[in-house]
**Student:** 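One structure, as structure tokens, below. Some questions next.
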Amino acid sequence: MTKGGMESVEVFTSEGKGRGLKAQKEFLPGDVIFAEPAYAAVVFDSLTHVICHTCFKRQERLHRCGQCKFAYYCDRTCQRAAWLNHKNECSAIKRHGKAPTENIRLAARIMWKMEREGSGLSEGCLVSIDDLQNHVENFGEEEKKDLRVDVESFLEFWPPQSQQFGMQYISHIFGVINCNAFTLSDQRGLQAVGVGIFPNLCQANHDCWPNCTVIFNNGKIELRALSKISPGDELTVSYVDFLNVSEERRRQLKKQYYFDCTCEHCKKQIKDDLMLAVKEGDHKPSAETVKEVIQFSKDTLEKINKARLEGVYHEVVKLCRDCLKKQEPVLGDTNLYLLRILSIASEVLSYLQMFEEAADYAKRMVDGYMKIYHPNNAQLGMAVMRAGVTHWHAGLIEAGHGMICKAYAILLITHGPSHPITKDLEVMRVQTEMELRMFQQNEFMYYKMREAALKNQKIEVMPEPSNETAPSLFHKKE
């Protein structure tokens with residue numbers, strides 16, 4: 001696998017899309033096209049005391065900054081590494097009396113860096129912060145109101161002795177954060193923990209069926225190839241999850257990023273038929289029945305969200321089972337609404353340790369996803385991994401091992417071999433392979449040993465289902 005630097009890409013003007021990134025050489029699936037550290041980044045307000053403010057790792061015991069009592073670090077090494085970026089913030093927090101919100105903190109860090117280095121091109125950057133798009137002119141009334149509040153809060157926080165910036169420029173920075181910020185995840189990639197600005201990555205345009213993916217790994221954001229890329233090809237990433245019909249994806253993109261998607265998959269509505277599939281054959285349901293079931297599914301998803309927020313997981317299971325009963329005679333195996341319910345049901349049942357039923361739903365979900373997603377999609381890889389672990393816990397070792405191997409192959413490309421989640425998966429792959437050999441040699445002995453092992457140790461509980469989907473790298477408030 002090749003590791004590219006910024007010399008492997010060039011900025012060009014993409015017809016109808018403004019600036020874009022183009023490959024300067026050939027890349028194969030899994031190659032890192034470039035890895036970029038954040039220009040500036042901050043931990044989310046809700047996690048400031050449990051996540052290191054330098055490396056964004058979740059740690060049990062963190063050291064607190066003795067001056068501002070706000071920033072936390074893994075150890076002295078992380079604290080020393082942070083000082084250049086934290087120094088101004090530290091005294092500003094002390095002067096202000098408290099830390100402001102993540103948006104204000106991020107804007108302040110960007111401007112302190114400009115004060116130190118100037119607003120031109122930073123080392124290793126293809127574009128300057130000044131040249132990033134802010135889309136302020138596209139803001140609706142609500143967004144303009146939020147922007148005014150942010151600017152006022154920023155001016156209250158910004159120290160009088162620091163370089164003073166004009167209102168228009170401060171608005172530009174908040175606009176840049178609004179449409180260019182990326183989410184940072186914890187070391188295992190399972191929880192969104194912060195937000196940062198990565199100027200080079202901002203240049204990659206959107207495609208619903210992209211040739212690249214973005215992953216946060218070891219303190220940097222990596223742009224990784226998903227398919228073979230030739231010199232001169234445009235490098236694209238997806239700003240939204242593909243698991244929506246083209247009309248809905250276009251609506252999201254217009255609302256959140258202010259452009260009309262003209263990618264092949266949207267223009268030709270590719271895969272929409274699968275996501276809207278209904279049962280075929282002699283008893284094909286009427287359009288009216290389909291409409292009723294879709295509405296019932298939407299209403300159920302709202303009730304499920306409420307029950308999940310309240311932590312009433314047995315209620316979630318009941319809602320899923322009732323919904324599946326209604327969906328199964330009417331919706332096709334790849335229908336979006338069926339897949340959403342299967343995904344929730346398998347995750348919550350795994351958490352409740354009802355592994356056999358969970359495995360059945362997980363298998364159907366994965367079969368549907370395989371027909372819809374790009375074969376090297378990170379969300380597909382994570383879903384296959386979860387399904388594999390569920391099968392393994394259910395004692396279905398053959399199917400479990402097969403899925404874990406499949407997930408490992410996808411994650412090697414989307415996350416790379418050094419990512420903590422890929423390493424976890426490699427351990428599971430070796431373990432399930434050993435168990436599978438034992439199972440093939442003597443099924444009876446395998447189940448006896450499994451039973452004894454489960455009696456002696458608490459079964460590893462699946463993480464509590466969260467209301468959030470897997471962290472999206474594109475930081476956008478809905």
Side-chain angles (χ1 to χ4, degrees), residues 14-18 20 133 135 138-143 178-179 204-214 226 234 236-280 284-305 323 326-327 330-344 365 367-375 377-380 383 468-478:
S14 173
E15 205 181 326
K17 292 195 277 189
Q133 284 189 301
H135 286 294
N138 301 113
F139 279 17
E141 278 315 304
E142 201 55 41
E143 287 172 307
N178 185 57
C179 58
N205 282 316
H206 164 85
D207 194 297
C208 291
W209 200 258
N211 56 11
C212 296
T213 191
V214 174
L226 292 180
E234 180 171 8
T236 56
V237 294
S238 181
Y239 297 176
V240 293
D241 184 9
F242 185 67
L243 203 66
N244 271 308
V245 291
S246 52
E247 187 187 355
E248 175 55 22
R249 291 198 306 272
R250 291 178 86 162
R251 189 194 66 74
Q252 279 180 19
L253 290 162
K254 183 74 173 171
K255 182 183 170 210
Q256 297 181 5
Y257 300 97
Y258 316 102
F259 71 87
D260 296 301
C261 186
T262 55
C263 78
E264 281 297 284
H265 277 67
C266 280
K267 277 196 299 203
K268 296 179 179 169
Q269 300 178 338
I270 298 168
K271 307 242 179 188
D272 280 10
D273 55 338
L274 287 174
M275 294 192 238
L276 299 170
V278 298
K279 276 275 185 271
E280 293 295 333
K284 193 173 178 184
S286 68
E288 194 50 46
T289 307
V290 173
K291 199 173 157 190
E292 275 172 29
V293 170
I294 297 290
Q295 193 51 53
F296 183 81
S297 303
K298 286 179 179 174
D299 295 345
T300 300
L301 285 163
E302 277 188 28
K303 289 177 190 167
I304 284 170
N305 275 342
C323 193
K326 280 232 196 286
Q327 289 177 335
V330 176
L331 305 182
D333 295 342
T334 53
N335 188 288
L336 265 184
Y337 289 98
L338 177 69
L339 293 175
R340 282 185 186 145
I341 298 291
L342 289 171
S343 169
I344 295 164
M365 171 193 76
D367 289 346
Y369 281 2
M370 295 278 212
K371 291 173 185 161
I372 291 174
Y373 276 119
H374 185 289
N377 178 288
Q379 268 147 318
L380 172 65
E468 299 168 21
T469 48
S472 157
L473 270 149
F474 299 89
H475 178 73
K476 243 348 227 175
K477 291 187 172 69
E478 284 296 327

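Here, residue 1 is the first one in the sequence, and each next residue gets the next number.
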**Student:** Before accepting this row, confirm whether a basic side-chain N of the pair R250/D260 lies closer than 4.0 Å to the acidic partner's carboxylate O.
**Tutor:**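 The answer is no: the pair does not qualify as a salt bridge.
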**Student:** Would you say CD of Q133 has more than 12 non-hydrogen atoms from neighbouring residues, nucleotides or ligands within 6.0 angstrom?
**Tutor:**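 Not more than 12 within 6.0 Å, no.
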**Student:** How long is the straight-line distance from CE of M275 back to OG1 of T334, given to the nearest 0.5 Å?
**Tutor:**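 Nearest 0.5 Å value for the OG1-CE distance: 9.0 Å.
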**Student:** Is there a side-chain contact between K284 and V278 (heavy atoms, below 4.5 Å)?
**Tutor:**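 In contact.
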**Student:** Quick one: list whatever passes salt bridge (Lys or Arg N to Asp or Glu O under 4.0 Å) with D299, sequence neighbours left out.
**Tutor:**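 With neighbours one apart ignored, the set is empty.
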**Student:** Specify whether F259 and Y239 have parallel, tilted or perpendicular ring planes, treating 30° as the upper limit for parallel and 60° as the lower limit for perpendicular.
**Tutor:**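 Aromatic pair F259/Y239 classed perpendicular.
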**Student:** Could you give the distance from CG (N305) to CD1 (I344), rounded to the nearest 0.5 Å?
**Tutor:**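 Spacing of CG (N305) from CD1 (I344) equals 6.5 Å.
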**Student:** Hey, what's the ring geometry for W209 with F242, parallel, tilted or perpendicular (30° and 60° as the breaks)?
**Tutor:**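 The rings of W209 and F242 stand perpendicular, inter-plane angle above 60°.
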**Student:** Would you find more than 12 non-hydrogen atoms of other residues, nucleotides or ligands less than 6.0 Å from D333 atom CG?
**Tutor:**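 Atom CG in D333 is not crowded, with 12 or fewer foreign heavy atoms closer than 6.0 Å.
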**Student:** Let me confirm one number: the SG-NE2 distance from C263 to H206, rounded to the nearest 0.5 Å.
**Tutor:**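 So the SG of C263 and the NE2 of H206 are separated by 5.5 Å.
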**Student:** If the condition is side-chain hydrogen bond (donor to acceptor under 3.5 Å, both in side chains), which residues does N138 pass it with, not counting sequence neighbours?
**Tutor:**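 Per chain and number, N138 pairs via side-chain hydrogen bond (donor to acceptor under 3.5 Å, both in side chains) with H135.
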**Student:** Suppose we screen for salt bridge (Lys or Arg N to Asp or Glu O under 4.0 Å). Which residues come up paired with E264, at least two apart in sequence or across chains?
**Tutor:**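 Listed in chain order: K267, K268.
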**Student:** Applying salt bridge (Lys or Arg N to Asp or Glu O under 4.0 Å), name anything that partners E248, two or more places apart in sequence or on another chain.
**Tutor:**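 Checked E248 against salt bridge (Lys or Arg N to Asp or Glu O under 4.0 Å); matches are R251.
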**Student:** What distance do N244 atom CG and K271 atom NZ have between them, rounded to the nearest 0.5 Å?
**Tutor:**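 That separation rounds to 15.0 Å.
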**Student:** Stepwise, does the side chain to side chain contact (heavy atoms under 4.5 Å, CB included) test hold for L338 with M365?
**Tutor:** CA-CA 8 Å; L338 177 69; M365 171 193 76; over 6 Å; no
**Student:** Just jot down the side-chain hydrogen bond (donor to acceptor under 3.5 Å, both in side chains) partners of D367, sequence neighbours excluded, or say none.
**Tutor:**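 Result, side-chain hydrogen bond (donor to acceptor under 3.5 Å, both in side chains) vs D367: K363.
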**Student:** Should we say atom CD of E292 is surrounded by more than 12 heavy atoms from elsewhere, each under 6.0 Å from it?
**Tutor:**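 Yes, enclosed.
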**Student:** K326: what forms a salt bridge (Lys or Arg N to Asp or Glu O under 4.0 Å) with it, not counting sequence neighbours?
**Tutor:**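 Per chain and number, K326 pairs via salt bridge (Lys or Arg N to Asp or Glu O under 4.0 Å) with no residue.
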**Student:** To the nearest 0.5 Å, what is the distance between CG on L342 and OH on Y337?
**Tutor:**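 Reported value, rounded in 0.5 Å steps: 14.5 Å.
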**Student:** OG1 of T300 to CD of Q327: how many Å apart, nearest 0.5 Å?
**Tutor:**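 CD of Q327 is found 7.5 Å from OG1 of T300.
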**Student:** What pair of heavy atoms forms the shortest contact from T213 to L226, and how long is it?
**Tutor:**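 Of all heavy-atom pairs spanning T213 and L226, the closest is CG2-CD2, 3.6 Å.
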